[in-house]
Number of protein chains: 2
Amino acid sequence: MDVEKVGRMAKDRKIDLVILGLLAHENLTGYDIKKRIDGAISFFWKGSFGSIYPALSEMEKQGLVKRKNSNKTGGREKIVYQISKSGKDALKQWLNDEQATNDLKYETLLKTYFGGLEDRSITLRNIEVFEKQVKGNLELLNFYKENLEKVLEEADHVHYYLTVLFGIETYEAYLRWCNKAKKIMKEH
Amino acid sequence: MDVEKVGRMAKDRKIDLVILGLLAHENLTGYDIKKRIDGAISFFWKGSFGSIYPALSEMEKQGLVKRKNSNKTGGREKIVYQISKSGKDALKQWLNDEQATNDLKYETLLKTYFGGLEDRSITLRNIEVFEKQVKGNLELLNFYKENLEKVLEEADHVHYYLTVLFGIETYEAYLRWCNKAKKIMKEH
DNA sequence: ACGATATATATCAAAACGATATATAAGAGC
DNA sequence: GCTCTTATATATCGTTTTGATATATATCGT
């Protein structure tokens with residue numbers, strides 16, 4: 001007999017969490033959301049109109065957000081969105097989920113940014129999970145580094161070596177941040 | 001009169017450069033390419049089969065790569081690709097182009113990785129361009145940081161503060177790398 | 001001989017990117 | 001007052017990428 005096929009879940013849209021996180025603090029238009037993302041968040045997350053507006057209208061259908069007001073009379077229309085109860089629930093569920101894609105887009109950072117919605121222990125735990133991942137990657141990079149140092153004289157290898165150094169330098173910075181962040185979270 | 005509309009260039013596929021860069025060193029199958037990307041490159045670049053195979057067949061049409069051999073008799077077919085003269089030219093042109101998208105995917109790192117094809121001065125210059133970008137971002141982040149320190153007691157602001165600290169920590173690491181990399185490139 | 005894993009190509013829906021179109025409001029400069 | 005530029009704001013479109021799955025063969029351990 002076959003294993004039950006689940007297919008793809010309808011929650012692969014990462015932009016949803018960004019939008020919900022921002023709306024959890026204040027009511028915003030799609031344009032506002034874009035501005036917020038282009039601000040402090042842009043160092044670890046991106047988002048374009050082409051993903052924001054479709055996400056908003058679909059989340060509206062799903063009941064995760066609702067229109068606060070739609071000023072259509074006089075002047076350019078302006079749709080202000082507000083997060084709903086179920087939207088806040090979805091956001092909290094994501095925050096509490098230990099899994100995070102820390103490949104290039106740092107989901108942990110996003111969770112930290114929106115961490116104010118949950119207990120500090122949640123942010124703390126998310127940082128610790130991230131820290132473990134980073135330590136694993138750092139080990140691997142150091143292994144690469146040692147191997148490359150043996151053949152550094154050969155053509156091209158200096159270039160590979162430099163990129164590995166980049167990885168080590170940044171992952172070490174991540175670990176330093178983990179320590180700082182944990183300390184700040186504990187002290188407050 | 002209107003400014004001439006150019007439309008979108010047919011070279012938005014970043015994966016092409018990754019593939020060409022890898023093929024510049026050795027002939028590879030699509031599967032091999034995926035393995036290479038998942039290796040040392042994965043710390044700053046990603047790629048999936050869904051982008052690699054279509055890119056390969058389109059680049060073949062464009063004459064940037066060609067089939068070395070296509071073993072179809074006996075066993076699973078295996079298509080080994082080889083870079084062409086025009087493919088190498090395209091790669092070199094990209095390496096020499098100062099512009100680089102260093103948002104989340106680090107094009108400068110990719111250029112450093114494949115830098116062996118051109119003079120060391122090219123890699124050096126690309127690093128310097130990157131360094132300038134990083135310095136600009138770091139300034140901005142420090143501005144954010146100072147502003148946040150004034151309101152750190154308010155709700156949520158510790159969480160925003162932590163993400164800014166992350167940015168600063170990593171960008172400082174990038175600058176450290178720039179110095180190391182420049183030194184290594186100059187010394188050799 | 002069997003089962004698991006590695007090799008290898010290919011495709012698909014969903015998501016994201018990046019650019020452009022459209023429209024209004026606000027200011028700046030003349 | 002008029003025009004030009006910039007900021008606000010929504011929306012869409014083609015292209016690219018992701019992530020998952022389908023398919024098939026080879027290899028290796030037990």
Side-chain angles (χ1 to χ4, degrees), chain A residues 2-19 27-39 42 45-60 62 67-81 99 101 103-105 107, chain B residues 2-19 27-39 42 45-60 62 67-81 99 101 103-105 107:
Chain A
D2 280 354
V3 177
E4 208 186 338
K5 298 242 180 71
V6 254
R8 271 156 74 71
M9 274 212 307
K11 206 19 162 334
D12 285 337
R13 276 211 318 281
K14 290 288 166 64
I15 191 73
D16 287 8
L17 281 324
V18 186
I19 293 173
N27 300 331
L28 298 164
T29 65
Y31 190 79
D32 289 331
I33 289 165
K34 171 71 171 143
K35 272 194 293 178
R36 294 288 184 290
I37 293 175
D38 285 343
S42 69
W45 213 275
K46 304 274 171 190
S48 60
F49 289 130
S51 63
I52 294 167
Y53 284 112
L56 276 169
S57 49
E58 224 184 278
M59 283 201 288
E60 195 191 4
Q62 293 170 242
R67 281 168 195 242
K68 188 77 199 300
N69 60 62
S70 187
N71 161 24
K72 205 135 193 172
T73 53
R76 182 93 176 92
E77 62 179 333
K78 182 174 177 168
I79 309 162
V80 181
Y81 286 94
Q99 278 182 295
T101 315
D103 37 8
L104 287 168
K105 293 188 168 194
E107 209 169 324
Chain B
D2 279 346
V3 178
E4 209 186 336
K5 298 244 179 70
V6 254
R8 270 158 71 72
M9 274 212 307
K11 206 25 163 329
D12 285 337
R13 276 212 316 282
K14 288 289 165 62
I15 191 72
D16 287 9
L17 282 324
V18 186
I19 293 172
N27 300 332
L28 298 164
T29 66
Y31 191 79
D32 290 331
I33 289 165
K34 170 72 171 144
K35 271 194 294 177
R36 293 289 183 289
I37 293 176
D38 287 343
S42 70
W45 213 276
K46 305 275 171 187
S48 60
F49 289 130
S51 62
I52 293 167
Y53 285 111
L56 276 170
S57 49
E58 224 185 278
M59 283 200 289
E60 196 191 5
Q62 294 170 242
R67 281 167 196 244
K68 188 79 198 299
N69 59 64
S70 187
N71 160 24
K72 202 132 192 174
T73 52
R76 183 91 176 94
E77 62 180 330
K78 184 174 176 168
I79 309 163
V80 180
Y81 286 95
Q99 278 182 295
T101 313
D103 37 8
L104 287 168
K105 289 190 168 192
E107 208 169 325

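Reminder, nothing fancy here: chain letters follow the sequence lines and each chain counts from 1.
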NA contact type, B:Lys35, heavy-atom cut-off 4.0 Å: base, sugar-phosphate, or nothing? sugar-phosphate
Quick one: closest heavy-atom pair of A:Pro54 and A:Phe49, and the distance? CD-O, 3.6 Å
Locate the shortest heavy-atom distance separating B:Ala55 from B:Asp16; write the atom from each residue and the value. CB-OD1, 3.6 Å
What is the distance, rounded to the nearest whole Å, between atom CD of A:Glu58 and atom P of D:dA11? 14 Å
If you look at every heavy atom in A:Trp45 and A:Lys14, which pair is closest and at what distance? CZ2-CB, 3.8 Å
Could you tell me whether the side chain of B:Asp38 and the main chain of B:Lys35 form a donor-acceptor pair under 3.5 Å? no
Just N and O in the side chain of A:Tyr31: are any of them under 4.0 Å from OP1 or OP2 of D:dT10? no
Can you tell me the distance, in whole Å, between the CG atom of A:Asp12 and the C1' atom of D:dA20? 9 Å
Distance in angstrom units between A:Ile79 CD1 and D:dT8 P, rounded: 17 Å
Testing D:dA11, D:dT16, C:dA8 for proximity to the side chain of B:Asp32, the answer is C:dA8
Looking at B:Lys34 and B:Gly47, would you say the former's side chain and the latter's main chain have a donor-acceptor pair under 3.5 Å? yes
Could you state the atom-to-atom distance from CG of B:Leu17 to C1' of D:dT17 in whole Å? 15 Å
Quickly work out the B:Glu77 CD to C:dT11 C1' distance and round it to whole Å. 14 Å
If you take any heavy atom closer than 4.0 Å to DNA chain C, which residues from residues 49-57 of chain B end up in contact? B:Phe49, B:Gly50, B:Tyr53
Are the side chains of B:Val80 and B:Asp32 in touch, meaning some heavy atoms are under 4.5 Å apart? no
Any side-chain N or O of A:Thr29 below 4.0 angstrom from OP1/OP2 of D:dT8? no
d(NZ, A:Lys78; C1', C:dA23) in whole Å: 15 Å
Classify the nucleic acid contact of A:Ser48 as base, sugar-phosphate or nothing, counting any heavy atom under 4.0 Å across all strands shown. base
d(CD1, B:Ile15; P, C:dA16) in whole Å: 19 Å
Using every non-hydrogen atom in the two residues, find where A:Arg36 and A:Leu28 come nearest and quote the distance to one decimal. NH2-CD2, 3.5 Å
pair A:Ile15-A:Ile37: side-chain heavy atoms closer than 4.5 Å: yes
Say you draw a straight line from CE of A:Met59 to OH of A:Tyr81; how long is it, rounded to the nearest 0.5 Å? 9.0 Å
Rounded distance (Å) that lies between atom P of C:dC17 and atom CG of A:Asp38: 11 Å
Compute the bend angle of the helix from C:dA1-D:dT30 to C:dC30-D:dG1 from the end axes (five pairs per end), rounded to 10°. 40°
